There are 2 protein chains.
Amino acid sequence: MAYDPSAFFSALSDPTRLRALVLLLTEGELCVCRLVGALAVSQPKMSRHLAALREAGLLRDRRQGQWVHYRVAEDLPAWAARTLAALAADLPDQAPYRDDLLRLRDVPEKNGAAA
Amino acid sequence: MAYDPSAFFSALSDPTRLRALVLLLTEGELCVCRLVGALAVSQPKMSRHLAALREAGLLRDRRQGQWVHYRVAEDLPAWAARTLAALAADLPDQAPYRDDLLRLRDVPEKNGAAA
DNA sequence: CTTTAATATACGCTTGTCCATATATTCGGA
DNA sequence: TCCGAATATATGGACAAGCGTATATTAAAG
């Protein structure tokens with residue numbers, strides 16, 4: 001996946017998807033429930049956007065009990081990896097991404113944390 | 001412009017716009033008529049896509065007689081400039097961008113060339 | 001086996017995007 | 001001033017994207 005550049009950029013062309021992606025770029029791996037809390041969006045909305053990113057090849061998911069964890073895909077083409085690196089370098093300091101990070105701190109990890 | 005990342009990526013999320021952009025990244029500045037020839041698309045279609053890229057802040061235009069030349073904007077935010085640099089580094093060797101480059105050679109410059 | 005939490009999907013709707021075609025604009029030259 | 005070339009815009013329709021709401025799935029717990 002993510003071999004067609006225009007499909008890759010389509011996945012990035014939604015504010016909610018971009019905010020979720022920046023969180024995943026800085027935090028490494030997050031369950032859906034924490035993303036819902038950090039971005040303050042409805043659960044179905046977050047689920048659909050994460051599915052779109054996964055289907056575009058940008059994210060991978062991992063099921064652990066009732067939780068599903070999403071992370072940024074590792075095997076991206078060079079131009080895609082460089083694009084995400086640019087976002088990870090610049091966006092987390094800016095609004096609204098910075099505020100999402102802060103709000104994430106207040107969302108408890110419940111259980112299914114890291115590996 | 002191009003301050004909202006999702007708007008920037010929306011501009012990149014169309015195959016025709018990406019192809020035109022890659023040509024401009026490698027050639028520096030081109031008139032609409034040569035882009036029409038290189039991509040083999042209709043003139044109104046190219047004009048609309050170039051306008052979209054310009055309104056998103058990715059391109060600048062310069063009128064010279066009957067010709068309008070487009071070039072990549074110089075004053076982009078860092079994350080945007082790095083994204084375009086990644087595209088310029090990897091895409092021109094691949095299909096269909098490589099073929100567009102080759103086809104561009106066969107489109108005469110008519111008149112309004114460089115500066 | 002029922003319940004509850006986490007996540008995903010289906011549905012109907014509104015809005016936006018893209019296209020082809022036709023027409024308008026702008027400029028240089030005769 | 002009239003014409004042709006280059007470019008832009010308007011129009012209408014087809015199709016996809018997003019949304020909120022409701023419901024289905026999956027798994028852990030009891």
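Just so we're on the same page: letters track the sequence lines, and every chain starts at 1. What you see is a predicted model; the values in this text were computed from it and never measured.
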What is the 5' to 3' range of DNA chain C, first to last nucleotide, that sits under 4.0 Å from any heavy atom of chain A? C:dA5 to C:dT9

Would B:Arg103 and B:Asp100 pass as an ion pair if we require N to O under 4.0 Å? yes

I'd like to know if A:Glu55 pairs up with A:Arg48 as an ion pair, taking the criterion as any Lys NZ or Arg NE/NH1/NH2 lying under 4.0 Å from an Asp or Glu carboxylate oxygen. no

Tabulate below the donor-acceptor pairs under 3.5 Å that side-chain atoms of residues 36-46 of chain B make, not counting sequence neighbours, or state none.
from: B:Ser42; atom 1: OG; to: B:Lys45; atom 2: N; distance (Å): 3.3

Main chain of B:Ser6, side chain of A:Arg17: is a donor-acceptor contact present, judged purely on distance under 3.5 Å? no

A:Arg34 side chain to A:Val107 main-chain N or O, any donor-acceptor pair under 3.5 Å? yes

Want to settle it: does B:Pro44 or A:Pro44 sit nearer the 5' end of DNA chain D, counting the closest nucleotide to each? B:Pro44

So does B:Tyr70 get a side-chain nitrogen or oxygen closer than 4.0 Å to the phosphate oxygens (OP1/OP2) of D:dA8? yes

For [X] and [N], give me the distance from atom [atom1] to atom [atom2], rounded to whole Å.
X       : N     : atom1 : atom2 : result
B:Gln64 : D:dT7 : CD    : P     : 11 Å
B:Gln43 : D:dT9 : CD    : P     : 11 Å
B:Leu50 : D:dT9 : CG    : P     : 11 Å

Under the rule for side chain to side chain donor-acceptor pair (under 3.5 Å), what residues qualify as partners of B:Thr26, not counting sequence neighbours? none

Dump every N/O contact between nucleotides 12-18 of chain D and the protein below 3.5 Å, one line per pair.
from: D:dG18; atom 1: OP1; to: A:Arg17; atom 2: NH2; distance (Å): 2.8
from: D:dG18; atom 1: OP2; to: A:Arg17; atom 2: NH1; distance (Å): 3.2

Once you round to the nearest 0.5 Å, how far does [atom1] of [X] lie from [atom2] of [Y]?
X       : Y       : atom1 : atom2 : result
B:Arg62 : B:Arg71 : CZ    : CZ    : 7.5 Å
B:Tyr97 : B:Leu23 : OH    : CG    : 10.5 Å
A:Cys31 : A:Asp61 : SG    : CG    : 13.0 Å

Is any side-chain heavy atom of A:Phe8 closer than 4.5 Å to one of B:Leu12? no

Show me the donor-acceptor pairs, under 3.5 Å and distance only, between side chains in residues 80-93 of chain A and residues at least two apart or in other chains.
from: A:Thr83; atom 1: OG1; to: A:Trp79; atom 2: O; distance (Å): 2.9
from: A:Asp90; atom 1: OD2; to: B:Trp79; atom 2: N; distance (Å): 3.0

Taking only N/O atoms, report every protein-nucleotides 1-5 of chain D pair under 3.5 Å with atom names and distance.
from: D:dA5; atom 1: N3; to: B:Gln66; atom 2: NE2; distance (Å): 3.3

